[in-house]
Protein chains: 2
Amino acid sequence: MATQAAGTDRPATIHDIAARCGVAASTVSRALSTPYRVNVRTRERIEAAAAALNYRPNIQAKALSSGRTSAVGVLVPDITNPFYFDLIRGTQLQLKAAGYTQLLVDTEESDEVEATTVDQLRKSADGIIVAASRLTDEVLLAAAATTPLVAINRDVPGVPAVIIDTPSATSQALDHLASLGHTRIAYIAGPTTSQSSTRRWAALAGAAEELGVEVRRLGPFAPKTQSGAAAADAAVYSGVTACIAFNDLIAIGMLQRLRERGLRVPEDMSIVGCDDIFGADFCNPPLTTMASPIEQAGRVAVSMLLAQLNALAGGGTRSRSVMPTHLTVRGSTGPAPAKA
Amino acid sequence: MATQAAGTDRPATIHDIAARCGVAASTVSRALSTPYRVNVRTRERIEAAAAALNYRPNIQAKALSSGRTSAVGVLVPDITNPFYFDLIRGTQLQLKAAGYTQLLVDTEESDEVEATTVDQLRKSADGIIVAASRLTDEVLLAAAATTPLVAINRDVPGVPAVIIDTPSATSQALDHLASLGHTRIAYIAGPTTSQSSTRRWAALAGAAEELGVEVRRLGPFAPKTQSGAAAADAAVYSGVTACIAFNDLIAIGMLQRLRERGLRVPEDMSIVGCDDIFGADFCNPPLTTMASPIEQAGRVAVSMLLAQLNALAGGGTRSRSVMPTHLTVRGSTGPAPAKA
DNA sequence: CAATCTTTGGCAATCGGTTGTCATTCGTTG
DNA sequence: CAACGAATGACAACCGATTGCCAAAGATTG
């Protein structure tokens, strides 16, 4: 009903400003985007008029004519996974600070959805940040060649990336378990398409040999708490005394299942998670896990992307950033049970 | 380096298709958006060409000329609050299904950021969904008058809304506690700008009188786990034996704090949370809380918004939807301690 | 077979900016 | 005072679609 009282009801355009100041629209455009190209006095008049009319540039039009959309797509496999909360917040904050809009898409763990989305985003975003990509190396590389892109937790030569160094923390976790006397340990694997999972397993297998402990791989399991039940059962059946889980969700699911089965953690079974997500500190028992600066990872990813965007012809932009990780010991790990 | 090999390297436009088929660009546009306006044979040729050229309409251009952006802004006060995960996923799924893009913004619990964002979104989105708005009734109403808008958990006459009926669940919670013998109960209030908090308190105060129990209000507290410590201390100091917390984050924080102080839950203090967020089922002890279909709430909000968009002149669209809520009893509530 | 209606598709304006080109104006210098 | 160069701002094309209007072609009817 009650629309704006004053004069024109629809948003002001540069033409309105131009008319008001008696200059051409192009001058207004320049005054606002390339100030030094316009006389100070004219510019001030224009700025005053813009303020008076409550002028806001139309993003669509800007995007159309300039080719830049001021938007960045952020793709995550599963919005409801707490791991991504901090990541999303990190990207969001950094993007907003730089004047970009974040287009957040949940790819539902599907490489197809991911590919389609990347394809669509190619034109509606200036760049893309892909977390835990499920795409093949080739597809990802091809995408990176076409569009400014930064991957998170995905290491493909030629694709700028932020890597969270979980493999090295995985070794720490193994050390930790070995020092507690565990000799039969399971790695609860994540999706086969997850490179993080693969790399962690590799690190683990190598370290196991050095330490002289036995590590077997179980899975793959979907990275959800619900998978924890199956994982726990498999672990119990395999006779191990400790597990290193692909992520905290699975680990927490395992805790629940073990409790249901009447097994005590850590007395009967030690559990190590990964990511230190929301909940890892207050589950029962609190989860020993590999923690990393996730929000910061998101921010770094944005910085790298913006560097790509701004220095398109600038040559060497840093194309790889490794985030440190460390083991946070809590209550879910303890001495190995006495041998039966 | 290696750009696309085949012919043109930049994305195909309707003009490319038009040229390829020997028709005008406008015909291509019609063939694609108003099929019945174009001869079947021509249309098929155009569709074939579009497929061959891997044509994707440019969203910016579409938005500019049609005035519709195919994007919907979703505003939440705090992305890292798990409560919003499911909400976001709900809106995301429903929006994607309808061909819309979700612009997710974290307003950081700030009414200013929220107002600014709404203002900006007015032109770059077809509609807005605001969760737990911190804006005043007037501002929200004004925004809703200008832009299609749906509020979640915010009841303002004239503003279409999805309301999660926590007040009625709050009464259930009070009944539950009273039946366990609690007579001195605290309501751990959320932000003063949160209408949910206010409405719950009102429901609680009313029900308390009927039941003949004493309910006092503590707070306000920020809806974060960190606030739980202060809340727990305040509760202990006030001498109550049970607390109903504004949300699960605070409740979980309280659990942690009480444990630190050596108090047992529920033996010494019962705690009821709200929202049944991720983590409420596996914290220690598992949290008795008020659960609601949050993802569904997100979906309903989108449906209502789309109804507004499509039936702009359609008159009566349903403008209010109340989501049922129920109490989920877990381990954090128990009989009142014997009086000292 | 002519008259009329309908279908079909082209032309051109438009959305709101950006940007290359060019003419004008002003100030500076010889 | 003439000449030259820099600063300034206008014009117009363009980004990629949509859409109103109109003409040509085809179909229907008397």
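Note that this is a predicted model, so its numbers are computed, not measured. Here is how names work: the chains are called A, B, and so on, in the same order as the sequence lines, proteins then strands, and each is numbered from 1.
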Query raised in the report: So what does B:T42 touch, heavy atoms closer than 4.0 Å: a base, only the sugar-phosphate, or nothing?
Result: sugar-phosphate
Query raised in the report: Sequence neighbours excluded, which residues qualify as salt bridge (charged side-chain N to carboxylate O under 4.0 Å, His left out) partners of B:R45?
Result: none
Query raised in the report: Who pairs with B:N81 by side-chain contact (heavy atoms from CB on, under 4.5 Å), at least two apart in sequence or on another chain?
Result: B:D78, B:F83, B:Y84, B:N247, B:L249
Query raised in the report: With sequence neighbours excluded, what pairs up with B:D119 under the salt bridge (charged side-chain N to carboxylate O under 4.0 Å, His left out) test?
Result: A:R56, B:R122
Report summary line: Letter by letter from the 5' end, nucleotides 14-21 of chain D scores (B base, S sugar-phosphate only, - none; protein heavy atoms under 4.0 Å) -BBBBBBB
Query raised in the report: Looking at residues at least two apart in the chain, or sitting in another chain, which of them share a side-chain contact (heavy atoms from CB on, under 4.5 Å) with B:I163?
Result: B:D155, B:A161, B:R199, B:R320, B:V322
Requested in this report: Return the set of residues passing salt bridge (charged side-chain N to carboxylate O under 4.0 Å, His left out) with B:R30 (not counting sequence neighbours), or none when no residue passes.
Outcome: none
Query - Axis-to-axis angle between the two ends of the helix from C:dC1-D:dG30 to C:dG30-D:dC1 (five base pairs per end, rounded to 10 degrees) - result: 40°
Query raised in the report: Can you list the residues that meet the side-chain contact (heavy atoms from CB on, under 4.5 Å) rule with A:T136, with sequence neighbours excluded?
Result: A:E138, A:V139
Report task. Provide the start and end nucleotides, 5' to 3', of the part of DNA chain C that has atoms under 4.0 Å from heavy atoms of chain B. Result -> C:dT8 to C:dG16
If you look only at distance, which donor and acceptor atoms sit under 3.5 Å apart when one is on a side chain in residues 100-115 of chain B and the other is two or more places apart or in another chain?
unit_1	atom_1	unit_2	atom_2	d
B:Q102	OE1	B:T91	OG1	2.6
B:Q102	OE1	B:Q92	N	3.3
B:D106	OD1	B:E108	N	2.7
B:D106	OD2	A:R89	NE	3.3
B:D106	OD2	A:R89	NH2	2.8
B:D106	OD2	B:I79	N	3.1
B:T107	OG1	B:V76	O	3.2
B:E108	OE2	A:K96	NZ	3.3
B:E109	OE1	B:R134	NE	3.4
B:E109	OE1	B:R134	NH2	2.6
B:S110	OG	B:E112	N	3.2
B:S110	OG	B:V113	N	2.9
B:E114	OE1	B:R134	N	2.9
B:E114	OE2	B:S133	OG	2.5

**Report entry** Listed once per pair and sorted, the side-chain hydrogen bond (donor to acceptor under 3.5 Å, both in side chains) pairs that draw on residues 64-75 of chain B, sequence neighbours left out
**Finding:** B:T69-B:D126
Show me the donor-acceptor pairs within less than 3.5 Å that the side chains of residues 31-44 of chain A make with the rest of the protein, sequence neighbours left out.
unit_1	atom_1	unit_2	atom_2	d
A:S33	OG	A:S29	O	2.7
A:N39	OD1	A:R41	N	2.7

Query - Shortest non-hydrogen contact between A:A25 and A:H15, atoms and distance - result: CB-CD2, 3.6 Å
